[in-house]
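Presented below is the structure to which this report refers.
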Amino acid sequence: MAFLDHLNPQQRGAVTAQEGPILVLAGPGSGKTRVLTSRVAYLVLDQDVPPWRVMAVTFTNKAAREMRERLEELLGPSRARTLTLGTFHATCARILRREAEPAGISRDYVIFDADDQARLVKQAMADLNLDDKRYPPRSVLAAISQAKSELIPPETYAPQSYYGEIVKRVYERYQALLSANRGLDFDDLLMVTALMFRQRREVLARYQEQYQHILVDEFQDTNQAQYSLLRHLTRDHHNLFCVADEDQSIYRWRGADYRNIRRLRSDYADLETYILERNYRSTQTILDAARAVIRHNRDRVDKHLYTDRGQGPEIVVHEAYDQDDEAQFVVDTIAQFVAREGRSAGDFAIMYRTNAQSRALEEAFVRASLPYKLVGATRFYSRREVKDLLAFLRLVHNPDDDVSMARVVNVPARGMGAKTITALEDAAREQGISVYRVLQSIREPGSEGPGLWSRARTSCLAFLDMVEGWTVASRELRVAELVSRILEETGYEDYIRHSNDGTGGREDLAQREQREERWGNVLELRNVAADYQHHSLAEFLTDVALVSDVDNLSADVDAPTLLTLHSAKGLEFPIVFITGLEEGLLPHSRSFDEPEEMAEERRLTYVGLTRAKDRLVLTYAFRRSRFGSSEAAVPSRFLDDIPDELTRGSWGEPQMSGRERETSWGSAEAAGAPAAGGELTTQPRFRVGQRVLHEVFGEGMVLESRGLGDNEIVTVNFEELGLKRLMAGMSPMAVLEG
DNA sequence: TGATCGCGCCTTTTT
DNA sequence: GGCGCGATCA
């Protein structure tokens with residue numbers, strides 16, 4: 001068992017533990033994933049457990065993929081392939097595809113994402129004549145989602161208040177709509193599976209029999225439905241292996257319940273617990289800072305994380321003037337690390353609390369003409385053009401999907417206006433059938449349809465013919481070919497790239513770029529589809545609905561990664577920036593009056609801090625604009641928790657605070673003080689008044705230059721694009737004259 | 001019918 | 001500062 005040699009005694013103890021329920025409480029960077037992977041290998045190689053009898057549940061698809069790759073090395077590809085390995089959602093989706101009948105759902109179900117859910121809740125509320133001003137659909141949906149994650153179907157939902165009554169009514173209607181659309185939302189995947197196990201013993205028995213060992217990563221973030229699934233499946237053999245860190249529980253808002261750890265202790269009397277405190281990732285400084293932040297939380301086991309990586313450099317804490325200055329600081333600092341320490345650009349991660357914060361950072365990277373990787377924010381699968389295309393595919397797969405129908409019936413515009421669509425939907429509701437079936441009924445001779453103008457009727461029939469054509473074709477074509485055909489027949493390319501033709505006005509550059517980007521997304525989706533040569537449309541749609549943005553994080557591109565603290569979970573980077581450490585942002589203002597939510601903000605910060613291997617840079621702004629207007633910010637309370645001896649101010653000495661800078665704004669910059677002491681003695685490359693040519697931005701004039709060498713920052717007024725600040729050393733820009 | 005403009009709301013976090 | 005929704009016009 002060569003792989004055991006690479007484990008420390010604590011890890012090995014957990015990996016080779018006897019059968020029965022096992023809980024591994026492990027701190028960050030303690031090799032959790034490795035322990036989990038090794039356990040699987042141990043079961044298969046040493047205990048002769050057939051791999052198809054093992055189910056391993058990870059938190060993201062990315063984690064699953066990496067684990068499978070590692071296991072392919074350890075077990076060989078053919079054996080690794082037979083493992084059941086994936087997220088809870090993906091695993092349930094697969095089970096439900098097989099067990100549609102006992103689960104009481106359609107085999108052709110489609111997964112409804114957050115966007116579809118929102119539409120459906122709105123529709124349910126409209127059907128019930130409920131005022132969406134008084135009852136925000138978002139919060140009603142949150143209540144429904146909460147109920148589902150607690151395995152409470154609408155029938156048994158017991159309202160505790162008037163608002164609860166409303167929720168119950170919407171929940172019932174919403175669920176009826178889902179079912180009519182043959183749709184399952186994310187929560188349904190878990191709830192329906194768990195309820196099926198509860199009600200259909202013979203089905204459960206088959207799965208209990210098949211899965212003799214179940215392993216779960218990030219157990220602290222499981223919800224009740226997921227716990228119930230585990231409980232059902234391991235009821236007889238108790239071979240449950242959970243890896244958890246209660247300090248990293250950051251999904252309470254979506255129903256995760258870290259008390260599941262305690263539940264485990266009471267439900268499995270024979271539970272054995274292993275604790276991993278040795279950290280392989282971070283320097284002692286980083287661990288000390290992280291502990292200083294997390295120790296304020298009550299009700300936790302205080303782990304003493306230790307490392308032999310040494311003390312490491314101090315944590316840099318930097319106050320910026322505003323979010324743009326903060327972003328510029330981040331970019332400049334990365335450039336310095338790259339220049340001075342020979343770091344590669346992919347070593348950096350920049351984290352923030354809310355997706356909205358990525359904008360200023362992206363702009364700073366673009367200004368400096370530096371590449372970056374972005375997780376989330378403009379999530380690929382929620383782009384309009386991508387959703388449109390998926391809606392066409394969903395319609396082919398499941399014509400009764402009225403949500404997709406409504407989305408694309410008139411995209412690109414084909415003469416079916418709001419009036420026609422409403423008429424179709426009304427007819428569908430009256431007859432209790434889907435819009436697609438109404439369209440079919442129109443075609444029958446003698447049927448004039450629901451009072452449609454003949455022109456609209458022609459459009460409807462043309463659309464129906466088109467979709468039916470695809471449906472027939474889909475039996476022969478691969479998914480990517482089907483996509484091509486859909487694009488062709490709908491004229492989608494023209495719609496995305498040139499639909500503005502008639503207006504004649506000159507498009508600005510940004511609009512052009514956006515169009516091309518949109519078209520690029522369409523092509524990208526077709527590329528993804530091309531990987532599904534040997535898979536069905538159903539599998540494609542399921543996978544696509546369940547991928548997260550982190551899953552697609554590419555290791556090939558050598559560029560800094562921008563991501564939320566939530567999506568940073570499970571990842572590590574040599575150098576981590578956490579930005580926006582301000583009261584109201586981190587901790588977020590929504591957590592101020594709820595101690596448990598404040599504790600979660602603290603854990604979130606802890607997760608961020610412990611992603612760093614070598615260095616941490618923490619930044620906050622003196623002013624930050626929220627909703628457009630700029631307001632003074634207060635440094636985060638979490639910064640106060642980090643002992644001073646672990647930190648230092650930023651590069652330049654003396655450090656100028658935002659307050660000082662506000663009074664001297666402009667004058668200090670014009671002096672062009674080098675950002676750091678002991679700089680190389682180069683001349684500035686650019687002088688005020690020079691005309692320059694930039695490869696991307698075109699011609700312009702230098703308005704300002706400060707800093708030297710790699711730190712030289714120039715402000716250029718470009719003829720086409722206006723003012724830009726650039727890192728001179730890293731910009732493809734040449735002097736024309738002056 | 002469809003495109004355009006303006007208003008109001010908003011922001012946690014994601015499988 | 002942006003996005004969706006509703007009112008308004010070609």
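It should be emphasised that the depicted structure is a prediction, and the values quoted were computed from it without experimental measurement. The chains referred to below are lettered A, B, ... by the order of the sequence lines, with proteins before strands, and numbering in each begins at 1.
Between the CD atom of A:Q323 and the C1' atom of C:dG1 there is a distance of 11 Å, given to the nearest Å. In this structure, A:K387 atom NZ and C:dC3 atom P are separated by 16 Å, rounded to whole Å. Note: CD (A:Q357) to P (B:dT13) measures 9 Å, nearest angstrom. If you take CG of A:L563 and C1' of B:dT13, they are 12 Å apart, rounded to a whole angstrom. As a whole-Å value, the separation of A:Y251 OH from B:dT15 P is 6 Å. At whole-Å resolution of the value, CZ in A:R602 and C1' in B:dT13 are 18 Å apart. As rounded to whole Å, 13 Å separates atom C1' of B:dT11 from atom NE2 of A:H566. What separates CG of A:N355 from C1' of B:dT11 is a distance of 10 Å, to the nearest Å.
Distance from the side chain of A:K122 is smallest to C:dC5 among C:dG2, B:dT11, C:dC5. Ranking B:dT15, C:dG2, B:dT14 by closeness to the A:R359 side chain, first place goes to C:dG2. Closest to the side chain of A:T420, from the set B:dT1, B:dT14, B:dT15, is B:dT1. Across C:dG2, B:dG2, B:dT14, the shortest atom-to-atom separation from the side chain of A:N410 is found for B:dG2. Closest contact between the side chain of A:R138 and the listed nucleotides B:dG2, B:dT11, B:dT14 involves B:dT11.
By the criterion of a centre-to-centre distance under 5.5 Å and near-parallel planes under 30°, the ring of A:F59 forms no stack with the base of B:dT15.
Residue A:F88 is classed as having no contact, given no heavy-atom separation below 4.0 Å to the nucleic acid. Using a 4.0 Å heavy-atom cutoff across all strands shown, A:E597 reaches at least one base atom of the nucleic acid.
Using bins of under 30°, 30° to 60° and over 60° for the plane-to-plane angle, the ring pair A:H566/A:W253 lands in the perpendicular bin. The aromatic rings of A:Y251 and A:F59 are tilted relative to each other, their planes meeting at an angle between 30° and 60°.
Note on A:D247 versus A:R300: salt bridge recorded, some NZ/NE/NH1/NH2 to OD/OE distance being below 4.0 Å. At a threshold of 4.0 Å, the pair A:K387-A:D116 counts as salt-bridged, since one of the basic side-chain nitrogens sits closer than that to a carboxylate oxygen.
Checking A:I250, A:L604, A:T354 one by one against A:L565, the side chain to side chain contact (heavy atoms under 4.5 Å, CB included) holds for a single residue, A:L604.
Regarding contacts with the backbone of B:dT14, a side-chain N or O of A:T564 is found under 4.0 angstrom from either OP1 or OP2. Look at A:S567 and you'll find a side-chain N or O under 4.0 angstrom from OP1 or OP2 of B:dT14.
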